[in-house]
There are 2 protein chains.
Amino acid sequence: MTAIAKPQARRRAAKVVRRRQLIDAAIESIAKRGLGDTTLAHVSQAAGLSQGIVNLHFASKENLLNETLKHLRAEYEQNWRAALEKAPDDDLASQLSALLRSDYMSTVANKKKLSVWFAFWGEAKSRPTYKKISQERMTDYTEILETLLERLINEGGYSEINTPSMTQGITAMADGLWLNILISASGFKRSDAEKVMMQYLRATFPKHKDAFY
Amino acid sequence: MTAIAKPQARRRAAKVVRRRQLIDAAIESIAKRGLGDTTLAHVSQAAGLSQGIVNLHFASKENLLNETLKHLRAEYEQNWRAALEKAPDDDLASQLSALLRSDYMSTVANKKKLSVWFAFWGEAKSRPTYKKISQERMTDYTEILETLLERLINEGGYSEINTPSMTQGITAMADGLWLNILISASGFKRSDAEKVMMQYLRATFPKHKDAFY
DNA sequence: ATAAAATGAATGAATACTTATTCAGTAATT
DNA sequence: AATTACTGAATAAGTATTCATTCATTTTAT
């Protein structure tokens, strides 16, 4: 009998698991202390592991941070794609609603994650990698949003609207509402952000307003 | 001839001048390297002065950064107040237009300054001072924007609109457009941001659209 | 089965390097 | 001469990275 390759039984923890654990610890620390004050000692401690562990799994701190941002980006995309899939196939307005509401689900729009996004954006000018990944976050999203808008505009005969400009406006509002959640004093919550966005959609697409409540 | 008191001739430079010079150097460095990698050596070098100069004028690095953010906030406020004052007293729509356009003037919305704003926002969760100053940036602005909107809504009989929610939406869009300027790959410029905002206002206030071109 | 050997995950002390802050001394201004 | 802005070397604290060693798990040999 020939020895068939074992199904990847790992030593103390599978590499993927450890890496993910360290990324989570990094997010925790960045949210708690900021990107600048996050040290490898903090990360490894938060993960309950030893000093050298990050270099073992990620080779360098820089690499850990890059991978952390990539992880955030992937999670963001999964979230909106999942939301979109759940929306009814035959109802454009509901699809648009689902897509834009997904930005305020607790998985992606909690203060911890938002804080990390802004931390990376704040360094985007000086770090090309951060800038690139941040751009990538929006490419597919923007494209799909724009087609949805275009089709809805056709369907409702909203002739006055310039679609690309509106796409930009909506994504901008979405990000700005994230800032509000992060910064605002008087408990501006995810649900408040969603309300603002929905009222904007109702005003813009009056014939479809029912989808935006 | 009697020696008339010299008009405030300071030693090597007036304290206010030196402080401002160091704040400018800090902004320069934060934009270039990020908040985390900005060292006092960088700042003092950018100012063409010696190592210890920041501690001499600001006592600590922390204090320099706080004052830098306060400076940015003050500059932002001056800018929109000045813009508002230039707008015609008797034309609400033009006032609204001027206020919102001011966010995209080169003084405040260039990549350097935006990069610094985002750097501070990224640390706002862990640094109460940054959070507070960031909130203060918006208090007066929001209040004035809201009264303008309310009066314009009355004037035009735009009955369907919920003013507080719209105020939130507009400021969010304004900040989100800043992010676009900072991050976007395909040269999204200040003028593009302004266009997006203006098209939003035309769509919302059709009777006043002339003011938003 | 069982034990010995091999593998590679994890540790943590040591290293080399940065960096904020201090402060004794220098020099411009009054 | 007195004052005080400014300098820059020294200091003290921190931090990313390395690597010899430990130890859990799997493989191989018997």
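What you see below is based on every heavy atom in this structure, not just the backbone, and it leaves out hydrogens, waters and symmetry mates. Throughout, a chain's letter reflects where its sequence line sits, starting with A, and its residues are numbered from 1.
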Ignoring hydrogens, what is the shortest heavy-atom contact between A:Ala93 and A:Leu152? Give both atom names and the distance. N-CD1, 3.9 Å
Distance check needed: D:dT4 C1' versus B:Ile53 CD1, whole Å only. 12 Å
Along DNA chain D (nearest heavy atom to each residue), the more 5'-positioned of A:His42 and B:Leu49: B:Leu49
B:Lys15 side chain N/O closer than 4.0 Å to the phosphate oxygens (OP1, OP2) of D:dA5? yes
Between D:dG8 atom P and B:Leu40 atom CG, what is the distance in whole Å? 16 Å
Under the criterion side chain to side chain contact (heavy atoms under 4.5 Å, CB included), I'd like the reasoning laid out for B:Leu72 against B:Thr68: C-alpha separation, chi angles, the key distance, then a yes or no. CA-CA 6 Å; B:Leu72 230 50; B:Thr68 300; 5.6 Å; no
B:Gln51 CD to D:dA9 P, in whole Å, measures 10 Å
Applying side-chain hydrogen bond (donor to acceptor under 3.5 Å, both in side chains) as the test, list every pair that has at least one member in residues 94-105 of chain A; sequence neighbours left out. A:Tyr76-A:Asp103, A:Asp91-A:Ser94, A:Ser97-A:Arg101, A:Arg101-A:Glu194, A:Asp103-A:Tyr141
side-chain N/O B:Asn55 vs C:dA20 OP1/OP2, d < 4.0 Å: no
To the nearest angstrom, how far is B:Asp37 atom CG from C:dA20 atom C1'? 15 Å
In this structure, how many angstroms lie between the C1' atom of C:dA28 and the CZ atom of B:Arg18, rounded? 12 Å
Between P of D:dT18 and CZ of A:Phe58, the distance in whole Å: 16 Å
Quickly work out the B:Leu56 CG to D:dT7 P distance and round it to whole Å. 9 Å
Do the side chains of A:His71 and A:Arg20 get nearer than 4.5 Å, heavy atoms only? yes
Return the value, rounded to whole Å, for the distance between atom NE2 of A:His57 and atom P of D:dT17. 15 Å
